[in-house]
Protein chains: 2
Amino acid sequence: MPKQILLNAFNMNCVGHINHGLWAHPRDTSHRYKELGYWTDLARTLERGLFDGLFIADILGVYDVYENSVDLTLRETIQLPVNDPLILVSAMAAATSNLGFGVTVNIAAEHPYLLARRFSTLDHLTSGRIGWNIVTGYLDSAARALGQTGLSEHDSRYDQADECMELLYKLWETSWDDDAVVLDRTERVYARPEKVRPINHHGRYYNVEGYHLSEPSRQRTPVLFQAGTSPRGKAFAARHAECTFINATDPASARAASRAIRKAVADAGRRPDDIKILVGITVVADQTMAGAEAKYADYRRYASPEAGLAHFSAGTGIDLSRLDLDTPIAQSADNGNAIQSNIQTARDTGLTKRKLLEKLSLGGRYPAIIGNGETIADELQTWIEEGEIDGFNLTRTVVPESFDDFIDVVIPVLQERGLYKTAYEKGSFRNRLFGHGDRLLAPHPAATLR
Amino acid sequence: MPKQILLNAFNMNCVGHINHGLWAHPRDTSHRYKELGYWTDLARTLERGLFDGLFIADILGVYDVYENSVDLTLRETIQLPVNDPLILVSAMAAATSNLGFGVTVNIAAEHPYLLARRFSTLDHLTSGRIGWNIVTGYLDSAARALGQTGLSEHDSRYDQADECMELLYKLWETSWDDDAVVLDRTERVYARPEKVRPINHHGRYYNVEGYHLSEPSRQRTPVLFQAGTSPRGKAFAARHAECTFINATDPASARAASRAIRKAVADAGRRPDDIKILVGITVVADQTMAGAEAKYADYRRYASPEAGLAHFSAGTGIDLSRLDLDTPIAQSADNGNAIQSNIQTARDTGLTKRKLLEKLSLGGRYPAIIGNGETIADELQTWIEEGEIDGFNLTRTVVPESFDDFIDVVIPVLQERGLYKTAYEKGSFRNRLFGHGDRLLAPHPAATLR
């Protein structure tokens, strides 16, 4: 059997996420993000399409680099307003049985003692369908909002994140034994005291003495997602991540990135296949090529490449409103605010604002595949095989039709080719991804603590 | 029409909450707290009974005062393990249309910038059915778990809480104007930049510069619950709270407490009726008196008065395992760990361990009313009229039957007497409680900021 494609839907608790401007399309319903029904309908849709997971991004600051202002951010609703992602999960979990959830939480924003309980609670309520996308934050506006004088130095953020993970593993994996809870009504023992112990963590960033407040959940540690792009971020991902996202422009660049990640994972003492690698993509699908082209043309009329520029400006720290069309963007990356790891690709490819605007035809920078079921399946297969990746993070265009179109047009072709499951595997999110049970295995650092 | 009784169900995301030991009853299902279905069933049950709200308690530490140990706490599952309460809400909201939710969150545990977004998200998703029970924490074990060297001094915790509220009101009430979001597809304006502004808060405890991340929700500020018992805590409640809980042993003591609260609210410049006062009660109801007595006797066989002692030990800082039966408990309150405000009632009433154990016949200290519909309605009516209170926080015994019994046996009698609604009012949680619309009104400090 050929390798099965992993598939996440990519979304965010906001209106404009990746493909900016499409909120203005007459059929788009993303402004309904404030309603529970919007999310429970989405979850049911994704389960109909046998998606492995719904991945929910998050950001704690605002995009104020472009034109040194939030005006365009507000007018085009570029990830602002943005609501809390964790709060959505229990309603969607109640509406589904198999869909996994990967939720972004910034390590700097939550005390790990409480973050541990929050994810344990979600792992209980979803019966092992929760994942965590670990981010350390990159926006000065978020740091100021959280009362810090400015963003802490990049590498020290990852040092803190490493210590945070160690502390979380202690809480999740070591405070309660598997057989601690017995619920023995006759002997009047809910939990056996000798099977439960406080952790004592005294480190550089955290001091925690206490019992994990939650009893053991199915996965204990949630499925760990991380998408480091800097050398230090990649080292963090190599050590901790079970799934990672890469932004690749074509299968060849995906292959280079994929090989580098698997080598780093191996260098960290883990198996190269202990990490799943997903590429972010946009798909415009229709039963016919002519229909797909017409749909793409229709979407383009509403997309906002300028909003895409503003998003990229925040991600790179470079105000792209000030650049002319043909100067390589990377030439402006020598100011102190530039985020070097996020402009590496721009540097490598000599990206200019003109070329970027062409890529932003749908308002977002992800590779866009426009076609019918056969041609899209061909391209996805090429990405998987030549790019040496495991699957895709499918972003949305016009909601909900872009997910419905993918399910109705593309999934059946992938299934015919044996590239996509025809039913969910049993078990937890982790077991569906890796097939080795609910818990992390050695040599992952969470497992070696046990 | 006589005054309508307000009714909250009182619960917690754990097994043993108030009436300890009843988890061992063969029909009790509270161990299912880890399943979504347990909570969505509960929410539907409460909505069937036209409950105004479900109030969810929380605690961030463990009870380790009794016998200087957590052993009994684990064996009798005395609020340990305890899962996150906020995470439950969206699933229950999706299963209901009218039920309100009052959720406990400790101010010290969450950064207000993120707490503000979390409650705004819940207010959006529930369409204005969210409330917040503000607590400042009283457990050293929680402080140690959160990396503090010990609990901060009591009054300074409330100073911090006052500043936190000011900061939250700025985010909730002032960052976005009501008409900021226009969703104008033609003009391509989701939000009007001139109607949105960052807050700039620089205080003793917090420094926050930033935009509220959420657009305005129905209530903006969630319905505010607080239950201060110390003089400083009562002053906080008088300034901020819209609902408060009192622990009263009889209607006369409720009346004294109620009058003191309304006077404090008036002294804070608000109307005496701007606060709703609820008393915590336990009810064992049956269609017949004999049936109720038999049910009570059955429950008592499983209740754990000792677990109730352990809970009270944590609440007072006094290890009751060391006391003899007849020495007044308040005599032991001169140790440095004693929580004076929580033993005031014990001091006033000359409470001994023997008398306490009698009150703990169902494992909890709330007044217990055992009877049929008529006798229970009589007692509740007496509490309301003589106690000058607004309603009740109904705690559970054996789950779910204690809520079902109350709904089937007591509610119809209250309705016949005109003391309880026969349908939900329209609108938000706040509007159902106060009838003046969705938002806080002046002179509440949240309203005067606008």
Side-chain angles (χ1 to χ4, degrees), chain A residues 13 15 21 23-24 26 31 34-36 40 60-62 70-71 74-77 80-84 86-91 93-95 109-111 113-114 117-118 120-122 124-125 141 144-147 183 185 188-193 196 206-211 213-215 304, chain B residues 13 15-16 23-24 26 31 34-36 40 60-62 70-71 74-77 80-84 86-91 93-95 109-111 113-114 117-118 120-122 124-125 141 144-147 183 185 188-193 196 206-211 213-215 304:
Chain A
N13 196 355
V15 182
W23 65 271
H31 62 279
K34 295 165 288 185
E35 301 170 30
L36 275 172
T40 51
L60 301 179
V62 299
V70 298
D71 283 9
L74 285 162
R75 286 204 312 275
E76 287 285 353
T77 185
L80 182 73
V82 56
N83 278 347
D84 186 290
L86 276 177
I87 288 298
L88 297 171
V89 175
S90 73
E110 301 259 357
H111 192 285
Y113 188 67
L114 300 173
R117 182 174 72 148
R118 219 165 248 145
S120 293
T121 302
L122 282 167
H124 279 300
L125 295 175
S141 60
R144 289 194 306 274
L146 295 169
L183 186 63
R185 296 175 199 255
R188 300 200 67 94
V189 179
Y190 182 81
R192 294 194 284 178
V196 187
Y206 302 104
N207 288 291
V208 171
E209 293 178 18
Y211 297 82
L213 294 171
S214 301
E215 62 183 277
S304 171
Chain B
N13 196 355
V15 182
W23 66 271
H31 62 279
K34 295 166 288 185
E35 302 169 29
L36 274 172
T40 50
L60 301 180
V62 300
V70 299
D71 283 9
L74 285 163
R75 285 204 311 276
E76 287 285 356
T77 186
L80 182 74
V82 56
N83 278 346
D84 186 290
L86 275 177
I87 288 298
L88 297 171
V89 175
S90 73
E110 302 259 358
H111 193 285
Y113 188 67
L114 300 173
R117 183 175 72 149
R118 220 166 246 144
S120 292
T121 302
L122 282 167
H124 279 301
L125 294 175
S141 60
R144 289 194 305 274
L146 294 170
L183 185 64
R185 296 175 198 254
R188 299 200 69 93
V189 180
Y190 182 81
R192 292 193 285 177
V196 187
Y206 303 103
N207 288 292
V208 170
E209 293 179 18
Y211 297 82
L213 294 171
S214 300
E215 61 184 277
S304 171

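A note on names: the letters A, B, ... follow the listed sequences, proteins ahead of strands, and every chain is numbered from 1.
Options A/Leu80, A/Leu60, A/Asn13 differ in how many heavy-atom pairs under 4.5 Å they form with chain B, and the most are formed by A/Leu60. Ranked by heavy-atom pairs under 4.5 Å with chain B, the list A/Leu146, A/Val62, A/Leu86, A/Leu114 is led by A/Leu146. Chain A forms the most heavy-atom pairs under 4.5 Å with one residue out of B/Thr77, B/Leu125, B/Asn207, B/Val208, and that residue is B/Leu125. Chosen from A/Thr40, A/Val15, A/Val196, A/Leu183, the residue pairing most often with chain B at heavy-atom distances under 4.5 Å is A/Leu183. Comparing B/Ser304, B/Ser90, B/Ala91 by heavy-atom pairs within less than 4.5 Å of chain A, the highest count is held by B/Ser90. Most heavy-atom pairs under 4.5 Å with chain A, from the set B/Pro193, B/Ala109, B/Ala95: that is B/Pro193. Of all the listed residues (A/Glu35, A/Arg192, A/His31), the one sharing the greatest number of non-hydrogen pairs under 4.5 Å with chain B is A/His31. Heavy-atom pairs under 4.5 Å with chain B were tallied for A/Glu76, A/His111, A/Arg117; the largest tally goes to A/Arg117.
Closest heavy-atom contact between B/Ala93 and A/Leu36: CB-CD1, 3.6 Å. The nearest pair of heavy atoms linking B/Trp23 to A/Tyr190 is CH2-N, 3.5 Å.
Judged by distance alone, the side chain of B/Tyr113 and the main-chain N or O of B/Gly210 form no donor-acceptor pair under 3.5 Å.
Looking at A/Val82, the atoms closer than 4.5 Å to chain B (heavy atoms on both sides) sit in the backbone and in the side chain alike. Contact of B/Glu215 with chain A is made through backbone and side chain together, with heavy-atom distances under 4.5 Å. Neither the backbone nor the side chain of B/Tyr206 comes within contact range of chain A; no heavy atom of the residue lies under 4.5 Å from a heavy atom of that chain. Proximity to chain A (any heavy atom under 4.5 Å) is shown, for B/Val189, by both the backbone and the side chain.
Between the CD1 atom of A/Ile87 and the OG1 atom of B/Thr121 there is a distance of 6.5 Å, given to the nearest 0.5 Å.
With sequence neighbours left out, A/Glu209 forms a salt bridge (charged side-chain N to carboxylate O under 4.0 Å, His left out) with no residue at all. Residues satisfying the salt bridge (charged side-chain N to carboxylate O under 4.0 Å, His left out) criterion with B/Arg118, sequence neighbours excluded, are A/Asp84, A/Glu110, B/Glu110.
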